[in-house]
Amino acid sequence: MKYHVRNLPLLKKILWADCLLGGVTAIIGLLWCPILMALFGVPGNVLFLIACITLLYALTALSLALQTSPKIPLLRALICANWIWA
């Protein structure tokens with residue numbers, strides 16, 4: 001089955017938002033790890049892993065947002081990953 005994007009400008013806005021919000025979350029998680037450990041009582045390695053995975057999502061969204069025509073398999077993978085992560 002062949003897929004295509006109906007509303008590319010809207011998709012680009014969503015991808016940029018995903019990139020920005022995920023990137024900010026990841027950077028906060030990486031930089032403020034000791035504070036978050038004390039605040040939430042979560043081990044540092046768990047917070048580091050969560051921040052790295054979130055950064056990976058943000059970078060994937062960025063790569064899709066920068067493409068003129070996003071690759072559908074990568075887009076579907078990002079959508080599924082976001083659903084699973086949520």
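Going from atom CG of L47 over to atom SG of C52 covers 11.0 Å, rounded to the nearest 0.5 Å. Going from atom CG of L55 over to atom CD1 of I50 covers 13.5 Å, rounded to the nearest 0.5 Å.
Take I53 and apply the side-chain contact (heavy atoms from CB on, under 4.5 Å) test, not counting sequence neighbours, and it matches L49, Y57, W85.
Under the side chain to side chain donor-acceptor pair (under 3.5 Å) criterion, no residue pair touches residues 2-11, with sequence neighbours excluded.
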Atom pairs and distances, side-chain donor-acceptor, residues 58-82, under 3.5 Å, sequence neighbours left out:
| unit_1 | atom_1 | unit_2 | atom_2 | d |
| --- | --- | --- | --- | --- |
| T60 | OG1 | L56 | O | 2.8 |
| S63 | OG | T60 | O | 2.8 |
| Q67 | OE1 | K71 | N | 3.0 |
| N82 | ND2 | D18 | OD2 | 3.2 |
| N82 | ND2 | L78 | O | 3.1 |

Report all side-chain donor-acceptor pairs from residues 21-44 shorter than 3.5 Å, counting only partners two or more places apart or in another chain.
| unit_1 | atom_1 | unit_2 | atom_2 | d |
| --- | --- | --- | --- | --- |
| T25 | OG1 | L21 | O | 2.8 |

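Listed by chain and number, the hydrophobic cluster partners of L10 are I14, where partners are ILVMFWY side chains within reach of under 4.5 Å, directly or through others.
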